[in-house]
Protein chains: 2
Amino acid sequence: MVEKQLNLSKNQKIIFDLIDKSPEPMKAYSILFNVQKKGIKAPLQVYRALDKLVEIGKIHKIESRNAFIACQNSSCQISKTTAFSICESCEKVTEIKDNKLAKYLTNFSDNTGMNYKKYNLEFFGLCKKCKRK
Amino acid sequence: MVEKQLNLSKNQKIIFDLIDKSPEPMKAYSILFNVQKKGIKAPLQVYRALDKLVEIGKIHKIESRNAFIACQNSSCQISKTTAFSICESCEKVTEIKDNKLAKYLTNFSDNTGMNYKKYNLEFFGLCKKCKRK
DNA sequence: CTTTTAAATGTTATATTATTACATAACGTT
DNA sequence: AACGTTATGTAATAATATAACATTTAAAAG
């Protein structure tokens with residue numbers, strides 16, 4: 001259970017902390033705006049940190065939203081096999097941790113016999129709150 | 001087996017035909033470049049047609065690539081439940097048609113009991129050709 | 001067949017997302 | 001300390017996508 005955060009560089013730490021505190025996915029330029037007071041001035045500084053954080057599995061990119069959330073799996077072992085639930089009304093995003101689903105998809109092989117070590121799955125619907133309205 | 005294409009408007013038809021002929025996913029500005037000779041001059045004209053074509057299931061957006069491919073299911077009934085195989089080397093994209101997979105995901109319910117009518121799944125790996133190299 | 005409504009188009013401008021290129025600094029080994 | 005690697009700083013620009021507004025076409029209703 002060793003935290004990887006210790007290895008993060010200055011910019012990476014600043015940006016990870018911001019994303020980690022956010023209750024919702026954050027967009028790159030919103031991140032930029034929020035860290036300008038900490039000396040990060042340029043988009044590229046943000047994108048470089050984001051790239052690295054994605055690479056090491058501390059955050060994930062929600063592809064359909066061009067936004068980033070902190071990984072919810074404390075051990076961060078599934079950074080290449082990701083699944084999310086996205087509310088189409090309030091845009092709330094939750095990372096899905098489901099061993100059966102992960103196993104099913106990791107073992108999935110298509111009609112050519114090919115299988116995959118990496119995938120990204122995004123489910124869409126209405127969250128409980130929004131369903132009531 | 002009635003083709004929906006009959007209902008397409010002029011711009012939609014031009015753009016669908018182009019994407020449908022392409023062996024690989026096409027990006028919006030590449031589409032724009034290719035249809036300028038047919039009188040479509042502005043990005044918005046492309047994006048509007050793309051939006052509509054996605055909406056009616058004639059094409060799909062590959063979210064991780066910001067690119068579009070024609071639907072491979074002749075009946076186009078699964079436009080809201082999509083799965084793709086993406087080669088990380090040559091970028092070849094194939095739509096996965098697998099009833100078991102579709103059923104599994106459509107019936108999937110997360111730990112809150114919520115389930116979903118819509119999803120997008122993108123698998124990543126190396127295609128047969130690229131694996132040999 | 002004409003009125004009405006919805007859908008599609010045309011056009012300009014602009015917003016948002018992301019990368020290229022190049023120079024410098026900090027870090028981890030050996 | 002010298003070396004290679006990773007991270008940073010900065011400016012410019014590329015690539016992706018939408019807002020706002022005017023006009024036209026198509027479909028539906030009367």
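Because only heavy atoms are used, hydrogens play no part in the values below, and waters and symmetry mates are left out as well, while side chains stay in. In what follows, chains carry the letters A, B, and so on, assigned in the order in which the sequence lines appear, proteins first and then strands, with residues in each chain numbered from 1.
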- [ ] Linking directly or through intermediates, with side-chain heavy atoms under 4.5 Å: list the remaining ILVMFWY members grouped with A:F33, chain and number order.
- [x] none
Task: Test item: B:L105 and B:T81 side chains (from C-beta on) under 4.5 Å apart, heavy atoms - done: no
Open item on the list: Once rounded to the nearest 0.5 Å, what's the spacing between atom CZ of B:F68 and atom CD1 of B:I15?
Closed with: 10.0 Å
TODO: Report whether B:F108 and B:L121 are members of the same hydrophobic cluster (ILVMFWY, side-chain heavy atoms less than 4.5 Å apart, transitive linking).
DONE: yes
Open item on the list: Using C1' atoms of five pairs at each end, report the bend of the helix from C:dC1-D:dG30 to C:dT30-D:dA1 rounded to 10 degrees.
Closed with: 50°
Task: B/S/- contact track for nucleotides 13-28 of chain D, protein heavy atom under 4.0 Å - done: ---BBBBB--------
Open item on the list: Reading DNA chain D from 5' onward, which residue's closest nucleotide shows up sooner: A:K52 or A:K41?
Closed with: A:K52
Without placing hydrogens or testing angles, list every side-chain donor-acceptor pair under 3.5 Å for residues 21-28 of chain B, not counting sequence neighbours.
unit_1 : atom_1 : unit_2 : atom_2 : d
B:S22  : OG     : B:E24  : N      : 3.2
B:S22  : OG     : B:E24  : O      : 2.5
B:K27  : NZ     : B:R65  : O      : 3.3

Open item on the list: Filter on salt bridge (Lys or Arg N to Asp or Glu O under 4.0 Å), then keep only pairs touching residues 120-130 of chain B, sequence neighbours left out; what's left?
Closed with: none
- [ ] Hey, could you give me each pair passing salt bridge (Lys or Arg N to Asp or Glu O under 4.0 Å) that has a residue in residues 106-121 of chain A? Not counting sequence neighbours.
- [x] A:K118-B:E88
Just distance, no hydrogens or angles: give the donor-acceptor pairs under 3.5 Å from side chains in residues 43-56 of chain A, sequence neighbours left out.
unit_1 : atom_1 : unit_2 : atom_2 : d
A:Q45  : OE1    : A:K41  : N      : 2.8
A:Q45  : OE1    : A:A42  : N      : 2.9

Open item on the list: With a cut-off of less than 4.0 Å, is there a side-chain N or O of A:N11 near OP1 or OP2 of D:dG9?
Closed with: yes
Rounded off to whole Å, could you give me the [atom1]-to-[atom2] distance for the [X] and [N] pair?
X	N	atom1	atom2	result
A:I15	D:dG9	CD1	P	10 Å
A:Q45	D:dA7	CD	C1'	10 Å
A:K13	D:dT6	NZ	C1'	15 Å

Task: ring pair (Phe, Tyr, Trp, His ring centres under 6.0 Å) partners for A:Y116, two or more places apart - done: B:F123
TODO: Check side chain to side chain contact (heavy atoms under 4.5 Å, CB included) between A:N115 and all other residues, then give those that pass, not counting sequence neighbours.
DONE: A:S109
TODO: On DNA chain C, reading 5' to 3', which nucleotide is the first and which the last to sit with an atom under 4.0 Å from a heavy atom of chain B, could you check?
DONE: C:dA8 to C:dT12
Task: Pairs meeting criterion ring pair (Phe, Tyr, Trp, His ring centres under 6.0 Å) with involvement of residues 82-106 of chain B, two or more places apart - done: A:Y104-B:Y104, B:H60-B:F84
